[in-house]
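What follows is a single structure, written as structure tokens, with notes after it.
Naming: A, B, ... by sequence-line order, numbering from 1 per chain. Keep in mind that what you see is a predicted model, and the values were worked out from it rather than measured.
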There are 2 protein chains.
Amino acid sequence: MNVTIRQLQCFVAVARSRSFAEASTRLHLSQPALSIAIRNLEEAVGGKLLERSTRSVALTPEGTQFLQVVQRLLGDWERSLDDVRNLFALRRGKLDIAAIPTFASSLLPRILAAYRRQFPDINVTVHDVITESVVEMVRAGRAELGVTFDPGDAQDLAFTPLFRDRFVAVLPAGHPLLQRDSLRWRDLARFPYITLQRPSSIRLLIDRMLQERALELVPTFEAHQLASIGRMVSAGLGTSVVPALSSSQMEEMGAVCRAISAPVVTRQVGVITRRRHPLSSAARAMTEVIAHWREASPAAPS
Amino acid sequence: MNVTIRQLQCFVAVARSRSFAEASTRLHLSQPALSIAIRNLEEAVGGKLLERSTRSVALTPEGTQFLQVVQRLLGDWERSLDDVRNLFALRRGKLDIAAIPTFASSLLPRILAAYRRQFPDINVTVHDVITESVVEMVRAGRAELGVTFDPGDAQDLAFTPLFRDRFVAVLPAGHPLLQRDSLRWRDLARFPYITLQRPSSIRLLIDRMLQERALELVPTFEAHQLASIGRMVSAGLGTSVVPALSSSQMEEMGAVCRAISAPVVTRQVGVITRRRHPLSSAARAMTEVIAHWREASPAAPS
DNA sequence: CGATCTTACGGGATTCGTAAACATA
DNA sequence: TATGTTTACGAATCCCGTAAGATCG
């Protein structure tokens, strides 16, 4: 004795047109089928909702009251169904992405533009935060996708590699080392060295590498932001090493970047998501846009 | 591709227990049937609502949002269904009755008591108003039932007779006419006569009768209310003629009633309802209580 | 008598339950 | 391997449409 949404729609249609015949055509249903639908509904609610003679159809008082609430319910239902369908059809929705600043300010804008072209009605929020915060936000579910370095040991996170980001030297314009196309780490040791403060993940990575190779670069200046470093370098305070992702940002500030060989230090950049937490359609679409972009430019960073 | 209320209940059950197996027992359904129900629902909304592996069931972001609205919708639906069922089962509801004051203050209270014993949760409002207002209120739908005289010519009203109400003479205690058990109209002509003011329907009925019989009763006093007449009579100001329905009221005030013969003047009292406007269950139950009461006391008024 | 709702009945689709296959921790 | 979901399939149920019947204006 289960009531069906269709039965409610039938009831509303008959109540509105005050005629079984007219309502049945409007519902694309035969008259007898409509009769039975109403009968079953009345059986389910325990009484007559419509008083019908061969020449007239009238709502009972109970039917009048029921009609009000059913109309509201059906309206709510239609709207809800539409909402969730729009969500799946990517005609609506929102997406939170956390990304390290170097990525957020270099490659991400173009990806966002492509995404927006394809899904103009999805609201994307970018959180450009430090590596640790990217991981934390994805873990907490405050961002569905995160772009950062391989977290490696995280059991609850899935990592999809995008590319390897190399470290490059940054030098002020006119610096003597710029005579050469390619530098080695030890070349930098002869000049004042500017670096990010701990506990930046970039700083940690470089320190660990230097220690392993028994190299030494004594920081003369330290800063929090890559932008600050770029300004300090271009002001001639010294040299630095930054991810290639940020080289265009550096050069905008008047500094010059050079690849470093011997050894080539890279870090794996990719997309992290929560394991056992399915993605929204909007997020899945974003991963696909990213994958497509990655495919189109395999050697992504300059 | 029609969504069923059952499917929504299935979805909520699975989402709550995060297990198809547990939900299926709770829904009194086999596991496969539940699987298929969810699959069909997902097909209808256009995407996955639940991400399921053999060891875990998790809501997708769209599923999470959908769950919220579906829970609210189902709650509203259950409540609405309960409401209308209670209405039909006479466990809730309201009923407006319009009745002429003579009936409202004499026989109606006992009927209301019987009704309330049987349906204690139905809220009954009694409108004791003059005859014309009874008809008007029923016509306007402000009262489902009306107790009054036979309206006769009304096309849009149905009249169910209850009993014939006779007119009786009212006299002060110790009045000479009280020597006799039964009076005639012309006996009253020798005494001061108190009557209701026009256009009371009682007054009109009596006037018409008197005119037809070529009798004459000149009013010495006129009043609006039967209660006033009772007081005036018991104060010895004169005699009057009132419906037998109000005789107990008269006698409470110290007046004495006597039947009038030659001729016996009666009026048909009954229940009026709107034609082509079905009654609520509460109103139908009231008509049945009234009919039952009528059957139990065929010669209702004293 | 005519328009309209209801009942009767056969066909088709949907849904259900049992049993087997499948997948992951 | 063991638990839990999905697929396969036969059976029951439900729903629909056509045709005949009933009823009120």
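Each of A:Arg276 and B:His28 lies near DNA chain C, and the nucleotide nearest B:His28 is the one positioned closer to the 5' end. Residues A:Gln31 and B:Glu22 each lie close to DNA chain D; by heavy-atom proximity, the contact nearer the 5' end of the strand is made by B:Glu22.
As rounded to whole Å, 11 Å separates atom P of D:dT5 from atom CG of B:Leu50. Nucleotide C:dT15 holds its P atom 11 Å from the CG atom of B:Leu29, rounded to whole Å. One can place CD1 of B:Ile38 at 14 Å from P of D:dT7, the figure rounded to the nearest angstrom. Straight-line distance from the CD atom of B:Gln7 to the C1' atom of C:dC16: 14 Å, rounded to whole Å. Counting to the nearest Å, the C1' atom of D:dC16 and the CZ atom of A:Arg39 are 14 Å from each other. For the pair A:Leu27 CG and D:dC15 C1', the interatomic distance rounds to 14 Å; values are reported in whole Å. B:Arg6 places its CZ atom 16 Å from the P atom of D:dT13, with the value rounded to the nearest Å. What separates CG of A:Leu34 from P of D:dC15 is a distance of 14 Å, to the nearest Å.
Closest to the side chain of B:Ser35, out of D:dT5, C:dT6, C:dA3, is D:dT5. The side chain of A:Pro32 has D:dT18 as its nearest neighbour among D:dC24, D:dT6, D:dT18.
Residue B:Arg55 has no polar side-chain atom (N or O) positioned under 4.0 Å from OP1 or OP2 of D:dT5. Note on B:Asn40: a side-chain N or O is less than 4.0 Å away from OP1 or OP2 of C:dT15. Distances shorter than 4.0 Å separate some side-chain N or O of A:Ser30 from OP1 or OP2 on D:dG17.
Counting only distance, with no hydrogens or angles, the side chain of B:Arg116 and the backbone of B:Val124 share no donor-acceptor pair below 3.5 Å. With B:Gln68 contributing its side chain and B:Gln65 its backbone, the two residues share no donor-acceptor pair below 3.5 Å. One N or O on the side chain of B:Arg275 and one on the backbone of B:Gln155 form a donor-acceptor pair closer than 3.5 Å. Looking only at distances, no side-chain donor or acceptor of B:Arg92 sits under 3.5 Å from a matching main-chain atom of B:Asn86.
Within the 4.0 angstrom heavy-atom criterion, no nucleotide atom of any strand lies near B:Ile36. Using a 4.0 Å heavy-atom cutoff across all strands shown, B:Ser56 reaches no nucleic acid atom at all.
Residues B:Leu87 and B:Ser281 share a closest heavy-atom pair of O-CB, 4.1 Å.
For D:dC24, the base has a donor-acceptor partner in the side chain of A:Thr54 [N/O atoms by modelled type, under 3.5 angstrom].
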